[in-house]
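Computed over heavy atoms, backbone and side chain alike; hydrogens, waters and symmetry mates excluded.
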Amino acid sequence: MTNEHTDHSATNNLDRTMPTRQEAAANDSADEAAVRALYQQLMDGWNQGSGEAFAAVFTEDGDLVGFDGTHFKGRQEIAPFHQQLFDKWLKGSRLVGQVKDVRFLSPDIAVMHAVGGTVMRGKSEPTPERDSIQTLVATRQEGDEWRLAAFQNTRLHPINNSAITFLIWTLSDLLWKVFRLIKQRIGRHRQGG
């Protein structure tokens, strides 16, 4: 018969480094609040008419895909393009929206869905034809700061079983095709071809 004394101090130290359920829930809640705050910061940048403030919520190399499929890579592309919009076509507009859900893929990556709309200058309500569903991917950066790594904006124009809706979509596609062809011809003409 041996009288072995088991040292449980390593186990106890491990237990002390693991967060309790309450601590984990508080961390999750704080992280979700931080991710949701990114959406508000994005809207605030738009509402200030500041391309720099709008782009500041993105990672340095973050992606933004606009409603029309235009892809911007990084703050250096996002900021000046949006500043042009704010200075011309969307001057005085406001972005409004609501986060619908946040889901964590890992402790440092979250997917967020929001529905947003644009209130045009001089109006008090969003223009329904500008309503969008937005998918945002947030990542935790150094210093426990969250930033958007990706943002996809898609206009809400669902296709249903209606013949009229189908015709509108078909006409819209045709107009985009004509626009693209005209743009290509103008480009070739300017190049001397």
Side-chain angles (χ1 to χ4, degrees), residues 5-86 90 93-119 126 130-158:
H5 177 67
T6 306
D7 181 9
H8 294 288
S9 62
T11 303
N12 290 339
N13 286 339
L14 180 61
D15 289 342
R16 282 187 221 124
T17 61
M18 299 295 290
T20 66
R21 282 194 172 153
Q22 288 108 351
E23 290 170 332
N27 288 343
D28 291 348
S29 180
D31 286 337
E32 183 170 338
V35 169
R36 286 175 176 269
L38 290 173
Y39 191 68
Q40 185 61 52
Q41 292 168 11
L42 186 82
M43 289 191 299
D44 290 347
W46 182 294
N47 298 340
Q48 294 165 18
S50 170
E52 288 294 326
F54 181 81
V57 301
F58 288 87
T59 60
E60 196 63 43
D61 63 347
D63 291 284
L64 183 147
V65 178
F67 78 93
D68 64 347
T70 306
H71 182 199
F72 301 95
K73 184 75 172 163
R75 289 184 202 154
Q76 297 302 321
E77 289 183 9
I78 295 168
F81 177 81
H82 281 81
Q83 192 60 58
Q84 288 176 355
L85 289 179
F86 301 148
L90 295 173
S93 68
R94 291 182 300 116
L95 189 62
V96 294
Q98 179 181 10
V99 173
K100 293 298 185 180
D101 62 70
V102 175
R103 180 170 48 109
F104 285 85
L105 304 178
S106 77
D108 297 328
I109 301 171
V111 173
M112 175 171 39
H113 288 100
V115 175
T118 308
V119 180
R130 292 181 163 272
D131 288 350
S132 297
I133 180 98
Q134 299 154 339
T135 303
L136 305 93
V137 178
T139 59
R140 188 190 313 265
Q141 305 295 291
E142 289 183 34
D144 221 24
E145 184 175 54
W146 287 89
R147 290 279 178 250
L148 295 179
F151 176 96
Q152 167 78 43
N153 187 51
T154 304
R155 288 275 168 86
L156 292 173
H157 293 273

From [X] atom [atom1] to [Y] atom [atom2], the distance as rounded to the nearest 0.5 Å:
X: Leu38; Y: Thr139; atom1: CG; atom2: OG1; result: 9.0 Å
X: Leu156; Y: Gln134; atom1: CG; atom2: CD; result: 9.0 Å
X: Phe72; Y: His82; atom1: CZ; atom2: NE2; result: 6.0 Å
X: Gln152; Y: Phe67; atom1: CD; atom2: CZ; result: 12.0 Å

If you look at every heavy atom in [X] and [Y], which pair is closest and at what distance?
X: Tyr39; Y: Gly116; answer: OH-CA, 3.6 Å
X: Gly117; Y: Asp131; answer: CA-OD1, 3.7 Å
X: Ala53; Y: Ser50; answer: N-OG, 3.0 Å
X: Val96; Y: Pro126; answer: CG2-CG, 3.7 Å
X: Trp146; Y: Ala34; answer: CD1-CB, 3.5 Å
X: Ser93; Y: Trp46; answer: OG-NE1, 3.1 Å

Open item on the list: Could you tell me if Gln40 and Asp44 have a donor-acceptor pair between their side chains, going purely by distance under 3.5 Å?
Closed with: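 A donor-acceptor contact under 3.5 Å links the two side chains.
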Task: Arg36: partners by salt bridge (Lys or Arg N to Asp or Glu O under 4.0 Å), with sequence neighbours left out - done: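 With neighbours one apart ignored, the set is Glu32.
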Task: Residue list, salt bridge (Lys or Arg N to Asp or Glu O under 4.0 Å) with Arg147, at least two apart or on another chain - done: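 Checked Arg147 against salt bridge (Lys or Arg N to Asp or Glu O under 4.0 Å); matches are Glu145.
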Task: Mutual orientation of the aromatic rings belonging to Phe151 and Phe54 [parallel < 30°, tilted 30-60°, perpendicular > 60°] - done: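 Phe151 and Phe54: perpendicular rings.
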Task: salt bridge (charged side-chain N to carboxylate O under 4.0 Å, His left out): pairs with one or both residues in residues 104-116, sequence neighbours excluded - done: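 Counting only pairs at least two positions apart or across chains, the salt bridge (charged side-chain N to carboxylate O under 4.0 Å, His left out) contacts touching residues 104-116 are Asp108-Arg140.
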- [ ] Provide the full list of salt bridge (charged side-chain N to carboxylate O under 4.0 Å, His left out) pairs with a residue in residues 67-85, sequence neighbours left out, each pair given once.
- [x]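 Passing the test, one end in residues 67-85: Glu60-Arg75, Asp63-Lys73.
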TODO: List for me each residue that meets side-chain hydrogen bond (donor to acceptor under 3.5 Å, both in side chains) alongside Gln76, sequence neighbours excluded, and say none if there are none.
DONE: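 For Gln76, no residue satisfies side-chain hydrogen bond (donor to acceptor under 3.5 Å, both in side chains) once neighbours in sequence are set aside.
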Open item on the list: For Gln83, give me all partners under side-chain hydrogen bond (donor to acceptor under 3.5 Å, both in side chains), at least two apart in sequence or on another chain.
Closed with: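 Asp87.
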Open item on the list: Tell me which one of Ile78, Leu148, Leu42, Leu136 satisfies side-chain contact (heavy atoms from CB on, under 4.5 Å) with Leu64.
Closed with: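 By the side-chain contact (heavy atoms from CB on, under 4.5 Å) criterion, Leu64 pairs with just one of Ile78, Leu148, Leu42, Leu136: Ile78.
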Open item on the list: So Thr154 and Ser132, do their side chains get closer than 4.5 Å, heavy atoms only?
Closed with: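 Answer no - side chains too far apart.
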Task: Side chain proximity check, Gln98 to Val115, heavy atoms < 4.5 angstrom - done: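 Contact flag for Gln98/Val115 side chains = no.
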- [ ] Mind running side chain to side chain contact (heavy atoms under 4.5 Å, CB included) on Leu95 and Thr118 for me, showing each step along the way?
- [x] CA-CA 5 Å; Leu95 189 62; Thr118 308; 4.2 Å; yes
